[in-house]
Amino acid sequence: MLVSAIDTIIRGKDGTSGKLRNPDVTLADVCTVLQDVLTDIADRILLPALYTSATLSTVADQAYCDLPDDFHRKLTMASTDLIACLPVVPTEDFFRVYRDLAETGPSVYVACTHIGAKRLYYQPIPTEVESITIRYFRKPGAVRKDVDGLVTPERATDAISCLPDELIRSVVVPGMLAHFYDDLEDGYEGKPNADRYAAKYKAGIRDVRLWVNKQGGIAHTENRIQGSSV
């Protein structure tokens, strides 16, 4: 289990023999920072494994519907039964043209995302409920708690599935160590360990970009989604 390996690297098997040598760091801390680092990477880079799709339904007499809970960024495509490639316009342009959001019609023909409101806006408001399929990049999987309220390695498996094991070890682990050392060395004159691992993490981000480019980027993931059922 890779999360167990990460825990051993950072804390060690006895809580003191890992790189941090800090028994106060718990497995829950490790899993939380793991998710934070993965989210930071996903903020910077469009990871192919996070590219997904969902089908939403319009709401009667309403110019928007809620985006999926896992929506993170970059709505790349939208479609309806009538329009295979629905125009998705910048939010500012959409609200400049459709200020009142009051137009009605037989089918949606334009849409935009409002990330802050976590909504997909559309015009016109269809007279009948209509399905809109969207393609977007989701958040890295959440590290969930078990029935006892504890974070376990098994609950973090989905979070690490967006990168191969070698990048988890060479990029994500240094990012996590930079975070932990930044706290541990707070108040010191300089932060040698935090700075060292931050530099490794920065270099690792370049490796992630290269890996994504080798995967073919959005074009590759778009072909993968189109070849599977939504």
- request: Using the side chain to side chain contact (heavy atoms under 4.5 Å, CB included) rule, take L120 and I132 through it: C-alpha gap first, then chi angles, then the decisive distance, then the call.
  value: CA-CA 10 Å; L120 177 78; I132 304 175; 4.1 Å; yes
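- Side-chain contact annotation: Y51 with T76, donor-acceptor N/O pair under 3.5 Å present.
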Worked verdict on I125 versus D61 for side chain to side chain contact (heavy atoms under 4.5 Å, CB included): CA-CA 7 Å; I125 300 171; D61 302 319; 5.6 Å; no
message: Set out, in order, the CA-CA distance, both residues' side-chain angles and the distance that settles ring-ring contact (aromatic ring centres under 6.0 Å, His included) for Y181 and Y197, then state yes or no.
response: CA-CA 9 Å; Y181 274 118; Y197 284 111; 5.7 Å; yes
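- Salt bridge status for D66 with K118: absent, with no side-chain N to carboxylate O gap under 4.0 Å.
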task: Apply side chain to side chain contact (heavy atoms under 4.5 Å, CB included) to the pair T91 and Y121, showing each step before the final yes or no.
output: CA-CA 9 Å; T91 306; Y121 280 87; over 6 Å; no
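- Judged purely by atom type and a 3.5 angstrom limit, K139 has no side-chain atom pairing as donor or acceptor with the backbone of H72.
- Judged purely by distance below 3.5 Å, without hydrogens or angles, the side chains of T32 and D29 never pair a donor atom with an acceptor atom.
- Side-chain contact check for Q62 and Y122: no donor-acceptor pair (N or O, by modelled atom type) lies under 3.5 Å.
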message: Go through it in stages, so that I can follow the logic: the residues are T113 and Y64, the test is side chain to side chain contact (heavy atoms under 4.5 Å, CB included), and I'd like the CA-CA distance, side-chain angles, deciding distance and then a yes or no.
response: CA-CA 9 Å; T113 54; Y64 64 86; over 6 Å; no
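- Nearest heavy-atom pair across P106 and T127 is CA-OG1, 4.1 Å.
- Residues P124 and G105 come closest through the heavy atom pair CB-N, 3.6 Å.
- Defined by atom type and a distance below 3.5 Å, a donor-acceptor pair is missing between the side-chain atoms of S57 and E130.
- If you run side chain to side chain contact (heavy atoms under 4.5 Å, CB included) between V88 and each of V110, I134, L75, only L75 comes through.
- The backbone N or O of N193 sits less than 3.5 Å from a side-chain atom of E185, completing a donor-acceptor pair.
- The minimum heavy-atom distance linking V59 with C65 is given by the pair CG2-CB, 4.3 Å.
- A distance-only check finds no donor-acceptor pair linking the side chain of Q123 to the backbone of A111 [under 3.5 Å].
- Side-chain contact annotation: Y136 with R138, donor-acceptor N/O pair under 3.5 Å absent.
- L38 contributes atom CG, which lies 8.5 Å from atom CG of L47 (distance to the nearest 0.5 angstrom).
- Heavy-atom minimum distance, S79 versus A84: CB-O, 3.0 Å.
- A pairwise comparison of heavy atoms in W211 and C162 identifies CH2-O, 3.9 Å as the closest pair.
- Atom CG of D43 has more than 12 heavy atoms from other residues, nucleotides or ligands within 6.0 Å.
- For the pair R73 and F137, the cation-pi test (distance below 6.0 Å, angle within 45°) is failed.
- When all heavy atoms of P48 and V212 are compared, the pair lying nearest together is CD-CG2, 3.8 Å.
- Residue E166 places its CD atom among more than 12 non-hydrogen atoms of other residues, nucleotides or ligands, all under 6.0 Å distant.
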